[in-house]
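Basis for what follows: all heavy atoms, side chains included, without hydrogens, waters or symmetry-related copies. Lettering of chains follows the sequences in order, A, B, ..., and the numbering in each one begins at 1.
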There are 2 protein chains.
Amino acid sequence: MKIALDAMGGDFAPKNTIEGAVLALREFPKITKLFLVGERPRVEAELSRLGFEDPRVEIVHASQVVEMSDGAVESVRRKKDSSVSRAVDLVKTGQAEALVSAGHTGAAVAATTIKLRTLPGIERPGIASVIPTEGNVFVLIDAGANVDARPIHLLQYAIMGAVYSRHVLGYANPSIGLMSIGDEDVKGSDFTKEVFKLLKASSLNFRGNIEGHDLFENPVEVVLCDGFVGNVVLKTSEAIAHAIFQWLKHELQKSHVRMAGAMLAKGAFKAIKKKTNYEEYGGSPLLGVNGICIIAHGASTPLAVKNAIRVAAESIAQQINPHIVREVRRYHESTPAAQPAPAHT
Amino acid sequence: MKIALDAMGGDFAPKNTIEGAVLALREFPKITKLFLVGERPRVEAELSRLGFEDPRVEIVHASQVVEMSDGAVESVRRKKDSSVSRAVDLVKTGQAEALVSAGHTGAAVAATTIKLRTLPGIERPGIASVIPTEGNVFVLIDAGANVDARPIHLLQYAIMGAVYSRHVLGYANPSIGLMSIGDEDVKGSDFTKEVFKLLKASSLNFRGNIEGHDLFENPVEVVLCDGFVGNVVLKTSEAIAHAIFQWLKHELQKSHVRMAGAMLAKGAFKAIKKKTNYEEYGGSPLLGVNGICIIAHGASTPLAVKNAIRVAAESIAQQINPHIVREVRRYHESTPAAQPAPAHT
């Protein structure tokens, strides 16, 4: 498997990206080529600092880096030699089968969409994030690729989320919930009410509106929302989980008795922390582009980068894009009212 | 103080509302009148079940109840004798100084807006929810009153949130953060970019875009978002906190050693649970209406209802509406570009 890593993308790049790359190469022999895309001197310096040499590594020089303050589409137009754009080019030319970026999400989405195009019938790609519940997982789509979505985009996300849930997560008949305010059909914003109608008219396994409590008490397999809401929900959830553990830690340190109790119970804390730790998930696929792109957390640690590369390798093995194309076609054939979406827009 | 309680509003009404009312009357002698608005026979049955008699109680009969499946504005037009509408009428006629409802949020917002009108310069009311961090609190506005907001509404929420933070929570110069994706100025949806411009041009203490992690690590005093995002964030956060405690409980029950540890550390768990328990906060003021309306959680327990009544009593004492009116006027005077908002729309 041949994977391109945006070595300069992320809050702690290239240090964490290169360390993650080294971990991945050590752990995954099925990777036959890992392109490290970025400023050659800095990438080389990190590799030599780590004393790492591997014939599977190929450095691809890119002289520019997309900064967090850059606009998404502008970054593709103006920084033609950015690490993320060059990583996408490697996928476009077939030298790599997938790319991984922990950098500016908007830039990765724009570069991928512009250079690889979307799949037939898909207008906008969406990030599919896998979220753990106590006994299961669900996929939240869109986690932040498309912040000004139209209702039809969410219908396409529903199709892609269901394909992902079925083919990757193994749910035979994934149910779909629309993140809204109030569980009742009549509730929601003007936007979600439009999405509700589209889903209701489709043959998808649509369960209706869902709210926060449904995520864990009455879970669906696919949670739908626009990229703005999805990103805010995801980041706030992460922050809440982190804050609760911090408070608990401080409370536990307030007395010797509590500290002793915490020692005895530490296995329980570790189990939960592992479950809620994004580093274990690594990265989320950007579904709907004609290629494989894994979006990793901006603050990715080396462990998170390693796992994002693992997700890329798994995605290469899974090849769900043909399933997405087939399901979108099936939607258009089975829903007479549906306007065929223009391909590759 | 004279307060009207929508006795039929909430998932567990009238049982929990009446039990909460009884708790409030026992605890707060400054309440001189509590109107219990709802179906008289059911309210009387609850009171006699509890064996409670108090001359401060006055039952106001309302023959209808707004159901969760009713539309918000339609509920006001079609169910003229609903408990929430009758409770608003008591405030309108001056018989009550505030109302409390744990029922259909949209219906309470619509009834209050239509009957009491908004304050001069405010186009839409917003729900101000107080959220705890480890050492402080912040106010999130709008938590769900206005799900199809326009940018100017968020500017008005910023003014109201700052007034609330200053006069009720005691922050001298509250800073305001706009919930967005990415901390950088250029990031966000088309909607938040418009709001950003309005805030930047104002004399408000605007800190810029914020994300989930900022809420706890780098907190502002006022968190701004539209009612859809605010409601989803709030409910998801509640669900995450609840889920984490559930998982932890199950993990702690997996061995005798862990259970012994949990016993020793139980003070720490209790402290956190108390901090994250919405029942302690009770209810959130609907800011921007010409009157006082407290919105309680739909699943309110008797304790939550009692605390919502406490918040109503505090709001009567605080009287922040004149401050809001003054600050909105000051905004229009100090911001030449600002179009004076139409009063009472």
Side-chain angles (χ1 to χ4, degrees), chain A residues 68-71 106 133-134 144 147-148 179-182 184-190 192 211-213 215-217 225 227-229 231-244 246-248 250-252 254-255 257-258 260-269 271-272 275-276, chain B residues 68-71 106 133-134 144 147-148 179-182 184-190 192 211-213 215-217 225 227-229 231-244 246-248 250-252 254-255 257-258 260-269 271-272 275-276:
Chain A
M68 279 301 171
S69 55
D70 288 335
T133 62
E134 188 167 5
V147 298
D148 290 298
M179 189 67 106
S180 188
I181 57 165
E184 300 78 14
D185 290 11
V186 296
K187 297 273 185 82
S189 63
D190 291 344
T192 63
E211 288 192 285
H213 63 96
L215 296 177
F216 302 99
E217 288 165 18
C225 52
F228 186 86
V229 170
N231 197 267
V232 169
V233 161
L234 210 60
K235 289 191 175 156
T236 308
S237 301
E238 254 179 47
I240 297 269
H242 183 76
I244 289 176
Q246 284 295 109
W247 296 349
L248 198 52
H250 296 163
E251 284 292 332
L252 289 169
K254 280 188 180 169
S255 83
V257 174
R258 287 184 183 180
M263 278 298 292
L264 295 176
K266 72 177 176 198
F269 298 118
I272 305 286
K275 193 162 206 149
T276 58
Chain B
M68 279 300 172
S69 54
D70 288 336
T133 62
E134 188 168 4
V147 297
D148 290 300
M179 189 69 105
S180 188
I181 58 164
E184 299 78 14
D185 290 12
V186 297
K187 297 274 184 77
S189 63
D190 292 344
T192 63
E211 288 193 284
H213 63 95
L215 296 177
F216 302 98
E217 288 165 17
C225 52
F228 186 86
V229 170
N231 197 268
V232 169
V233 161
L234 210 62
K235 288 190 175 155
T236 308
S237 301
E238 253 178 48
I240 296 269
H242 183 77
I244 288 177
Q246 284 296 109
W247 296 349
L248 198 52
H250 297 162
E251 284 293 333
L252 289 169
K254 280 187 179 170
S255 84
V257 175
R258 287 183 183 180
M263 278 298 292
L264 295 176
K266 73 177 175 198
F269 298 118
I272 306 287
K275 192 162 207 145
T276 57

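- Contact annotation for A/E184: only side-chain heavy atoms (C-beta onward) come within less than 4.5 Å of a heavy atom of chain B.
- Among A/A260, A/S180, A/G71, the residue with the largest count of heavy-atom pairs under 4.5 Å with chain B is A/S180.
- Across A/S237, A/A271, A/G106, A/A268, the residue that shares the most heavy-atom pairs under 4.5 angstrom with chain B is A/A268.
- Between chain B and the residues A/K254, A/M263, A/E211, the most heavy-atom pairs under 4.5 angstrom are made by A/E211.
- Checked by atom type and distance alone, the side chain of B/N231 never pairs as donor or acceptor with a backbone atom of A/I181 at under 3.5 Å.
- In this structure, the side chains of A/T236 and B/M179 come closer than 4.5 Å at one or more pairs of heavy atoms.
- What you find for A/A239 and B/G212 is that their closest heavy atoms are CB-O, 3.3 Å.
- Between the B/D148 side chain and the A/D190 main chain, a donor and an acceptor come within less than 3.5 Å of each other.
- Using modelled atom types and a 3.5 Å distance limit, the side chains of A/H250 and B/E134 yield a donor-acceptor pair.
- Taking every heavy atom of both residues into account, A/A262 and B/A265 meet most closely at N-CB, 4.3 Å.
- Interatomic distance, CD1 of B/I240 versus CD1 of A/I240, reported as 8.0 Å (0.5 Å rounding).
- Contact detail for A/V186 and B/M68: the closest heavy-atom pair is CG2-O, 4.4 Å.
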* Would you please test B/R258 and A/K266 for side-chain contact (heavy atoms from CB on, under 4.5 Å) and show each step? => CA-CA 8 Å; B/R258 287 183 183 180; A/K266 72 177 176 198; over 6 Å; no
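- In this structure, the portions of A/V257 lying under 4.5 Å from any heavy atom of chain B include both its backbone and its side chain.
- For chain B, the nearby parts of A/A241 are the backbone and the side chain; heavy atoms of each come within less than 4.5 Å.
- The distance from atom NE2 of B/H213 to atom NZ of A/K235, rounded to the nearest 0.5 Å, is 7.0 Å.
- For chain B, the option among A/D70, A/L264, A/D185, A/L234 with the highest count of heavy-atom pairs below 4.5 Å is A/L264.
- Atom CD of B/Q246 and atom CZ of A/F216 lie 11.5 Å apart (nearest 0.5 Å).
- Of the two parts of A/F228, the backbone and the side chain both hold a non-hydrogen atom closer than 4.5 Å to a non-hydrogen atom of chain B.
- Looking at every heavy atom in both residues, B/I272 comes nearest to A/L248 through CD1-N, 3.5 Å.
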